[in-house]
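The chain is numbered in sequence order, starting from 1. Every heavy atom of this structure was used, including side-chain atoms; hydrogens, water molecules and symmetry mates were not.
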Amino acid sequence: MINKIIMKEVCAVALLRTIVWFLYFFGALVALIPKMRTAQRKKAAGDADAKAYIDKYVCQWAGTLVKLAGVTVTVRGRENIPAGRAAVFTPNHQGDYDIPLMLLYLDEPHGLVAKVETKKIPLVRTWMELLDCVFIDRDSPRKAMEAMRQAQTMLEQGKSMVVFPEGTRSRGDQMNEFKAGAFRMACKAGAPVVPVAIDGSYKIMEANHNLMKPAHVTITILPPIETAGMDRAAQHALGEETAARIAQAKGH
């Protein structure tokens, strides 16, 4: 009986936390509309401070989402991020929180290769476009290839990209197969691949029927894998090699 009461209280707290989280998620985006418009003007005009301006408000928004969920984070290996070079960050994908975590805890916010459905979310779409995100339609091979070519162009322009090679959330501690697109793109651009191990993000939502609960997440940024001059056999094995390094960093 006591255990049932405790469980009900825990669920009630999680439900309240989730409601507050979503109210902030959309409420803050509405409040930031004037800043969003300014960011659009700055980027269109090519202002030198446009990226810093965009990054400031993206981090402010994402950081508050993480705090509201009661998430604590340990980051290891930031020294492995290539300095002054565009890279392809390839994290494993445990849950929805991986996106704000990657915006917050790398060297700076980078564009993401995100599923095309994200474009349907008002205001989120605009901020993602400001971040140079690329939207991929995995149901259409042709459109998916076009999206990866667009991401490759970003790399060639000196802009790092974050790609989740699994393509979808694992919703747990296991990893799905790493698809080849991110690695093919990195090889064509001659950009380093930076494996990122995310451990524990699924415990925030996915393990709780999508109710928010506090959790601790460990993010380990692993040494880059250079793709310039890589032979064809190594290129084909790059996805498996990256997945193996991430699994090892997570202790699996």
Exactly one of K250, H93, M102 clears side chain to side chain contact (heavy atoms under 4.5 Å, CB included) with I198, and that residue is M102
Only residue of T18, L65, V20 satisfying side chain to side chain contact (heavy atoms under 4.5 Å, CB included) with M212 is T18
Aromatic rings W21 and Y97: how do their planes relate, parallel, tilted or perpendicular, breaks at 30° and 60°?
tilted
What orientation do F25 and F22 show, parallel under 30°, tilted 30 to 60°, or perpendicular over 60°?
tilted
Within-4.5 Å side-chain heavy-atom neighbours: [X] and [Y]:
{"X": "V217", "Y": "V66", "result": "no"}
{"X": "V193", "Y": "T227", "result": "yes"}
{"X": "F135", "Y": "K115", "result": "no"}
{"X": "P195", "Y": "I225", "result": "yes"}
{"X": "D55", "Y": "L131", "result": "yes"}
{"X": "F183", "Y": "F178", "result": "yes"}
{"X": "L112", "Y": "F164", "result": "yes"}

Using a distance-only test with no angle check, is there a side-chain donor-acceptor pair under 3.5 angstrom linking [X] and [Y]?
{"X": "Q150", "Y": "E146", "answer": "no"}
{"X": "R245", "Y": "T242", "answer": "no"}
{"X": "R37", "Y": "Q40", "answer": "yes"}

Counting heavy atoms not belonging to [X], are there more than 12 under 6.0 Å from its [atom1]?
{"X": "K42", "atom1": "NZ", "answer": "yes"}
{"X": "R184", "atom1": "CZ", "answer": "no"}
{"X": "E108", "atom1": "CD", "answer": "yes"}

Going only through I, L, V, M, F, W and Y residues with side-chain contacts under 4.5 Å, is there a path from [X] to [Y]?
{"X": "Y202", "Y": "L101", "result": "no"}
{"X": "W61", "Y": "F26", "result": "yes"}
{"X": "I33", "Y": "W127", "result": "yes"}
{"X": "I54", "Y": "L106", "result": "yes"}
{"X": "V71", "Y": "V13", "result": "no"}

Tell me the closest heavy-atom pair linking [X] and [Y], and the distance in Å.
{"X": "C187", "Y": "M230", "result": "SG-SD, 4.5 Å"}
{"X": "L155", "Y": "A87", "result": "CD2-O, 3.6 Å"}
{"X": "A182", "Y": "M148", "result": "N-CE, 3.7 Å"}
{"X": "R125", "Y": "T118", "result": "CB-O, 4.4 Å"}
{"X": "P91", "Y": "I246", "result": "C-CD1, 4.5 Å"}
{"X": "P100", "Y": "A62", "result": "CB-CB, 4.1 Å"}

Straight-line distance of [X] [atom1] to [Y] [atom2], nearest 0.5 Å:
{"X": "D107", "Y": "N80", "atom1": "CG", "atom2": "CG", "answer": "12.0 Å"}
{"X": "M154", "Y": "H110", "atom1": "CE", "atom2": "NE2", "answer": "13.5 Å"}
{"X": "Y57", "Y": "M36", "atom1": "OH", "atom2": "CE", "answer": "13.5 Å"}
{"X": "T168", "Y": "K179", "atom1": "OG1", "atom2": "NZ", "answer": "7.5 Å"}
{"X": "I19", "Y": "L211", "atom1": "CD1", "atom2": "CG", "answer": "9.0 Å"}
{"X": "I221", "Y": "F89", "atom1": "CD1", "atom2": "CZ", "answer": "7.0 Å"}

Taking 4.0 angstrom as the limit, do [X] and [Y] come out as a salt bridge?
{"X": "E129", "Y": "K43", "value": "no"}
{"X": "D199", "Y": "R76", "value": "no"}
{"X": "D96", "Y": "R169", "value": "yes"}

Does [X] use its side chain to pair, donor to acceptor, with the backbone of [Y] at less than 3.5 Å?
{"X": "R17", "Y": "L68", "value": "yes"}
{"X": "T126", "Y": "P122", "value": "no"}
{"X": "Q94", "Y": "G200", "value": "yes"}

Subject >> Stepwise side-chain contact (heavy atoms from CB on, under 4.5 Å) test for Y53 and D47 >> reply: CA-CA 10 Å; Y53 187 89; D47 286 3; over 6 Å; no
>> Applying side-chain contact (heavy atoms from CB on, under 4.5 Å) to Q248 and L222, what does each step give before you reach the verdict?
In response: CA-CA 11 Å; Q248 184 179 25; L222 300 169; over 6 Å; no
Before giving the answer on side-chain contact (heavy atoms from CB on, under 4.5 Å), spell out for L104 and C59 the whole-Å C-alpha distance, their side-chain angles and the decisive distance to 0.1 Å. CA-CA 6 Å; L104 286 169; C59 288; 4.1 Å; yes
